Trainee: 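After the C-alpha cells below, expect a handful of questions from me.
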Amino acid sequence: MQESKPVKIYNYHTIKEKMAKDFATRDENYSQWYNDLVIKADLAENSAVRGCMVIKPYGYAIWEKVQAQLDKMFKETGHVNAYFPLFIPKSFFSKEASHVEGFAKECAVVTHYRLKNSPDGKGVIVDPDAKLEEELIVRPTSETIIWDTYRNWIRSYRDLPILVNQWANVVRWEMRTRLFLRTAEFLWQEGHTAHATEKEAIEEAEKMLHVYAEFAESFMAIPVLKGVKSPNERFAGAVETYCIEALMQDGKALQAGTSHFLGQNFAKAFEVQFLSRENKLEYVWATSWGVSTRLMGALVMSHSDDNGLVLPPKLAPIQVVIIPIYKTDEQLAAISEKAHEIMAALKAKGISVKYDDRDTYKPGWKFNEYEFKGVPVRLAMGPRDLENGTVEVARRDTLEKNVFQLQDIDTKIEHLLDNIQENLFQKALSFRERMTFNADSWEEFKNILDTTGGFISAHWDGTPETEQKIKEETKATIRLIPINGKQEEGKCIYTGKPSQQRVIFARAY
RNA sequence: CGGGGUGUAGCGCAGUCCGGUUAGCGCACCUGGUUUGGGACCAGGGGGUCGAAGGUUCGAAUCCUUUCACCCCGACCA
C-alpha cells in the first residue's frame with residue numbers, strides 16, 4: 001500500500017450534526033443505541049408475536065456466515081449433523097430432576113391439535129375435543145429427546161462415540177426480551193455427544209469450548225475468557241459447565257457460548273447403557289454444547305460505534321462496496337467498466353463485493369447507508385479517479401479515507417481486510433484489558449462496579465451462599481472460574497474466608 | 001405478576017388540560033424538473049376507522065366508563 005497517499009479525513013462531527021437525530025449514541029443511552037442499531041441496520045425487528053423477532057435478510061446473512069464457519073469447524077472435529085423434533089413429550093422432561101427444575105418455568109406447552117370455528121361466528125377457537133393425551137413441550141433444549149433416542153442407538157462400546165450436532169430453533173418463554181440477546185424463540189446449534197469414558201467426554205466438552213473460543217476470536221474478532229461456571233450458574237443437569245465470556249463496550253459481560261460435561265446424568269435418566277470391552281454394562285458419558293443467535297448481539301456490541309454497525313470482514317455479508325460518482329451517462333459507463341474489472345479481481349480472491357450503481361440514491365446517501373450497515377471497505381470512483389488511475393478507499397473501522405493506485409488493487413484490498421479484522425480484535429482486546437481489574441476489598445469491588453464496570457478478578461470463598469449474597473447486593477455474578485487459573489492464597493472479597501484462586505465477576509447480560 | 005409510561009399516516013411526533021372549520025408537522029413514499037466526490041433542491045401529489053367498544057353532547061382525537069396492545073423499570077434467564 002506504499003502507493004497510497006493519505007487524504008483529509010472527513011470531519012464526522014459535521015456529519016453527526018447533519019444527520020437526522022434518529023439514533024442514540026453509546027454515551028447517551030447504551031441500550032437504546034443497541035436497539036436502534038439492530039433495527040436501523042436492518043438486522044432484525046420485533047414481530048407480531050411478543051418476544052419473538054424477525055431476522056431480516058441482512059442480519060440473517062451474517063448468521064449464515066456464522067453457521068457456515070462453525071459448521072465447518074464442527075465437521076473438522078468429527079461431528080455430523082442430524083435433526084430431532086421440535087416437540088418433546090412432557091414425561092421426558094421429568095426424568096432428569098435438575099433439568100426440569102431449570103427449564104420448567106419457561107416452557108411453551110402444546111395441549112391441543114385442532115381448531116374449529118367459534119360458535120358465535122367470531123373467528124376460531126381451540127377444539128376442546130382435540131386435547132392431546134400427553135402434552136408436548138416446545139423444546140427449550142433437546143437433551144431429553146436426544147437421550148431418549150440415543151438409548152436405541154447404543155448397545156456396545158463399538159457404537160461410541162456419537163458426535164451429533166443439530167441446527168435448530170428453541171423456545172424459552174422469557175419475561176423480558178431484547179433483539180438477539182434474549183428472545184422467546186432463538187436459533188442455535190446444539191451438539192450432543194455420547195462417550196464410553198468420563199475422560200473422553202470431558203475432553204470433548206473442553207475441545208468444543210476451544211472451538212468456540214477460536215471462532216469468537218478469529219472470526220468475530222471478539223476476545224473471550226475461558227472458564228467453568230460456578231454451581232449457581234451451571235446448566236441444569238450438567239456436572240460441569242464450561243463457557244466463553246466476552247466483555248461488551250458498556251462494561252457488561254456476555255456469555256457467548258457454553259459447553260457442558262453432563263456426566264452420566266442423562267444416561268441414567270434415560271437408561272442408556274452399553275457393554276464395555278470388558279463385557280460390563282455401563283452408563284454412557286455425555287456432553288452438550290451450544291451457541292445461539294445471541295452471538296449476533298455480541299457482534300454488534302463489541303465493535304460498533306456511534307456511526308452504526310462495524311462488522312469484522314470475515315463475517316460481513318458484503319466485504320467491499322463500490323460506489324460510482326458521475327454526472328453523465330458516459331462517465332457512468334466508463335466508471336462501471338473499471339468497477340467491473342475491480343469486482344472480478346476481488347471476487348477471484350474470494351472477496352464479496354457489491355457494485356451499487358443505483359441512480360435512485362446519491363453517493364453521499366450510499367456512503368452513509370453502507371457505513372451504517374458496517375460494510376468494512378468502501379471504494380468510491382469518480383471521473384477524477386478515472387483520470388488518475390486511482391480509487392478512494394474508506395475503511396469502516398477507523399473511518400479513514402485514502403486514495404489508492406488501481407494497480408494490484410485486489411491484493412491491497414485483501415490485505416486491508418485482513419488488517420481490519422486484526423485491528424478490530426486488537427481494539428476489543430485492549431478494551432477488555434483496560435476493563436479488567438483486580439479487587440482485593442469489598443469497597444474496591446463495589447467501586448469498580450459503580451464506576452467503570454468490566455471484569456473483576458477477585459477471591460471468593462467457593463460457597464453458593466456468598467455468590468448469592470454478592471449478586472443480591474451488587475447484581476454482579478461469577479462469570480467464570482478461569483481454566484488453569486493461577487493458584488494464589490487470598491481472602492474472599494465478601495466473607496474474608498480463605499481462597500486459593502481468583503474468579504471473574506461482572507454484571508452480565 | 002408489581003410500579004411507571006405510551007397508543008393520532010410506513011416511521012417519529014404536535015394537538016387532548018379548556019370539545020367547535022376539511023386533524024396537522026418532520027422524515028419516508030409518488031410525479032416532473034434541476035442535481036450527483038459525505039444523507040440534494042424546487043414544485044406538485046397520495047396516504048388517517050385518532051388502539052378498540054360503549055356513553056355524554058347539537059357536535060368528541062379531546063370529557064366519562066370499560067377494554068386491548070405495546071414500551072420502560074423490577075423478580076427469572078443462553
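The structure presented is a predicted model; accordingly, all values stated were derived computationally and were not measured. Within every chain, numbering begins at 1; the chains are lettered A, B, ... in the order of the sequence lines, protein sequences first and strands thereafter.
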Trainee: Quantified in whole Å, what is the P atom distance between nucleotide B:rC30 and nucleotide B:rG74?
Mentor: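 My reading of the P atoms in B:rC30 and B:rG74 gives 42 Å.
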Trainee: Looking at residues at least two apart in the chain, or sitting in another chain, which of them share a side-chain contact (heavy atoms from CB on, under 4.5 Å) with A:K207?
Mentor: A:T77, A:E204
Trainee: Given atom CZ of A:R50 and atom C1' of B:rC72, what is their separation to the nearest angstrom?
Mentor: 12 Å
Trainee: How close or far is atom C1' of B:rA78 from atom CZ of A:R479, stated in whole angstroms?
Mentor: 10 Å
Trainee: With 3.5 Å as the limit, what N/O pairs link the protein to nucleotides 9-13 of chain B?
Mentor:
none

Trainee: With no hydrogens and no angle check, do the side chains of A:Q166 and A:S142 hold a donor and an acceptor under 3.5 Å apart?
Mentor: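 Yes, side-chain donor-acceptor contact under 3.5 Å.
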Trainee: Can you name the ring pair (Phe, Tyr, Trp, His ring centres under 6.0 Å) partners of A:H210, sequence neighbours left out?
Mentor: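 Partners of A:H210 under the ring pair (Phe, Tyr, Trp, His ring centres under 6.0 Å) test: none.
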Trainee: Report the residues that fulfil ring pair (Phe, Tyr, Trp, His ring centres under 6.0 Å) with A:W289, sequence neighbours left out, ordered by chain and then residue number.
Mentor: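 By the ring pair (Phe, Tyr, Trp, His ring centres under 6.0 Å) rule, A:W289 matches A:F74, A:H79.
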Trainee: What is the distance, rounded to the nearest whole Å, between atom CD of A:Q189 and atom P of B:rA78?
Mentor: 16 Å
Trainee: Atom CG of A:N232 to atom C1' of B:rC76: distance rounded to whole Å?
Mentor: 14 Å
Trainee: Please identify each residue that fulfils side chain to side chain donor-acceptor pair (under 3.5 Å) with A:E245, with sequence neighbours left out.
Mentor: A:K229, A:R479
Trainee: On a whole-Å scale, what distance lies between the C1' atoms belonging to B:rC18 and B:rC29?
Mentor: 37 Å
Trainee: Just to verify, what does A:R395 make a side chain to side chain donor-acceptor pair (under 3.5 Å) with, not counting sequence neighbours?
Mentor: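 A:D397, A:T398, A:N419.
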Trainee: Taking any heavy-atom pair under 4.0 Å as a contact, classify A:Q255: base, sugar-phosphate, or nothing.
Mentor: sugar-phosphate
Trainee: Is A:E371 paired with A:R396 through a side-chain N to carboxylate O contact shorter than 4.0 Å?
Mentor: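 A:E371 and A:R396: not salt-bridged.
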Trainee: Please work out if A:T183 contacts a base, only the sugar-phosphate, or nothing of the nucleic acid, heavy-atom cut-off 4.0 Å.
Mentor: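 It contacts base atoms.
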Trainee: Polar atoms only, N or O, under 3.5 Å: list the protein pairs with nucleotides 44-46 of chain B and their distances.
Mentor:
none

Trainee: I'd like the C1' distance from B:rG33 over to B:rG38, given in whole Å.
Mentor: 24 Å
Trainee: In the structure shown, which nucleotide is the Watson-Crick or G-U wobble counterpart of B:rA40, with both distances under 3.5 Å?
Mentor: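 Result: B:rU34.
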Trainee: Counting any heavy atom closer than 4.0 Å, what does A:F186 reach on the DNA or RNA strands: base, sugar-phosphate only, or nothing?
Mentor: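 Base contact.
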Trainee: Any strand is fair game: report the nucleotide pairing with B:rG54 by Watson-Crick or G-U wobble, both distances under 3.5 Å, or none.
Mentor: B:rC64
Trainee: Considering only the P atoms, how many Å lie between B:rU67 and B:rC77, rounded to the nearest integer?
Mentor: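 Taking atom P in both B:rU67 and B:rC77, they lie 33 Å apart.
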Trainee: Quantified in whole Å, what is the C1' atom distance between nucleotide B:rU6 and nucleotide B:rC11?
Mentor: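 It comes out at 16 Å once rounded to the nearest Å.
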Trainee: Could you pull out all residues at least two apart from A:S218 that satisfy side-chain contact (heavy atoms from CB on, under 4.5 Å)?
Mentor: A:E214
Trainee: Take atom CD of A:E174 and atom P of B:rC77, then tell me their distance rounded to the nearest Å.
Mentor: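 Checked: the CD to P distance equals 9 Å.
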Trainee: By the 4.0 Å heavy-atom rule, please label A:S292 as base, sugar-phosphate, or nothing.
Mentor: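 The answer is base, as A:S292 lies within the cut-off (heavy atoms under 4.0 Å) of a base atom.
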Trainee: Between B:rG39, B:rC70, B:rA78, which nucleotide gets closest to the side-chain atoms of A:N368?
Mentor: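 So the nucleotide nearest the side chain must be B:rG39.
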Trainee: Between the protein and nucleotides 33-37 of chain B, list the N/O to N/O atom pairs that are separated by less than 3.5 angstrom.
Mentor:
unit_1: B:rU36; atom_1: O2'; unit_2: A:Y326; atom_2: O; d: 3.1
unit_1: B:rG37; atom_1: O6; unit_2: A:G382; atom_2: O; d: 3.3
unit_1: B:rG37; atom_1: O6; unit_2: A:P383; atom_2: N; d: 3.2
unit_1: B:rG37; atom_1: O6; unit_2: A:R384; atom_2: N; d: 2.6
unit_1: B:rG37; atom_1: O6; unit_2: A:D385; atom_2: N; d: 3.2
unit_1: B:rG37; atom_1: N1; unit_2: A:G382; atom_2: N; d: 3.4
unit_1: B:rG37; atom_1: N1; unit_2: A:D385; atom_2: OD2; d: 2.5
unit_1: B:rG37; atom_1: N2; unit_2: A:D385; atom_2: OD2; d: 3.0

Trainee: Whole angstroms only, please: what is the CD-C1' distance between A:E101 and B:rC77?
Mentor: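 Value for this atom pair: 14 Å.
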Trainee: Is there a Watson-Crick or G-U wobble partner for B:rG74 with both distances under 3.5 Å, and which nucleotide is it?
Mentor: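 Base partner found: B:rC1.
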Trainee: Would you say the ring centroid of A:H192 lies under 6.0 angstrom from that of A:F84?
Mentor: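 No.
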Trainee: In whole angstrom, what separates A:M175's CE from B:rG3's P?
Mentor: 16 Å
Trainee: Pick base, sugar-phosphate or nothing for A:L181, based on heavy-atom distances below 4.0 Å to the nucleic acid.
Mentor: base
Trainee: Any strand counts, and the cut-off is 3.5 Å on both contacts for Watson-Crick or G-U wobble. Which nucleotide pairs with B:rC11?
Mentor: B:rG26
Trainee: Using the ring pair (Phe, Tyr, Trp, His ring centres under 6.0 Å) criterion, which residues pair with A:W173? Sequence neighbours excluded.
Mentor: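 Ring pair (Phe, Tyr, Trp, His ring centres under 6.0 Å) check on A:W173 returns nothing, list empty.
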Trainee: Provide the distance between the two C1' atoms, one in B:rC70 and one in B:rA52, to the nearest whole Å.
Mentor: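 My reading of the C1' atoms in B:rC70 and B:rA52 gives 14 Å.
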Trainee: By nearest nucleotide on RNA chain B, pick out whichever of A:G51 and A:G102 is the more 5' one.
Mentor: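 The residue closer to the strand's 5' end, by nearest nucleotide, is A:G51.
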Trainee: In chain order, what residues pass the side chain to side chain donor-acceptor pair (under 3.5 Å) check against A:T241, with sequence neighbours excluded?
Mentor: A:H260
Trainee: Tell me yes or no: between the side chains of A:E143 and A:T141, is some donor less than 3.5 Å from an acceptor?
Mentor: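 Yes, because at least one side-chain N or O of A:E143 sits under 3.5 Å from a partner of the opposite role on A:T141.
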Trainee: Using the C1' atom in both, what is the distance from B:rA9 to B:rA61, to the nearest Å?
Mentor: 14 Å
Trainee: If you draw a 6.0 Å radius around NZ in A:K90, do more than 12 non-hydrogen atoms from other residues or ligands fall strictly inside?
Mentor: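 No - once you tally the heavy atoms of other residues, nucleotides and ligands closer than 6.0 Å, there are 12 at most.
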Trainee: Please identify each residue that fulfils side chain to side chain donor-acceptor pair (under 3.5 Å) with A:Q67, with sequence neighbours left out.
Mentor: none
Trainee: Specify the separation, in whole Å, of atom CD of A:E245 and atom P of B:rA78.
Mentor: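 Roughly 10 Å, once rounded to whole Å.
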Trainee: Determine the Euclidean distance between corresponding P atoms of B:rG10 and B:rG51; express it in Å to zero decimal places.
Mentor: 13 Å
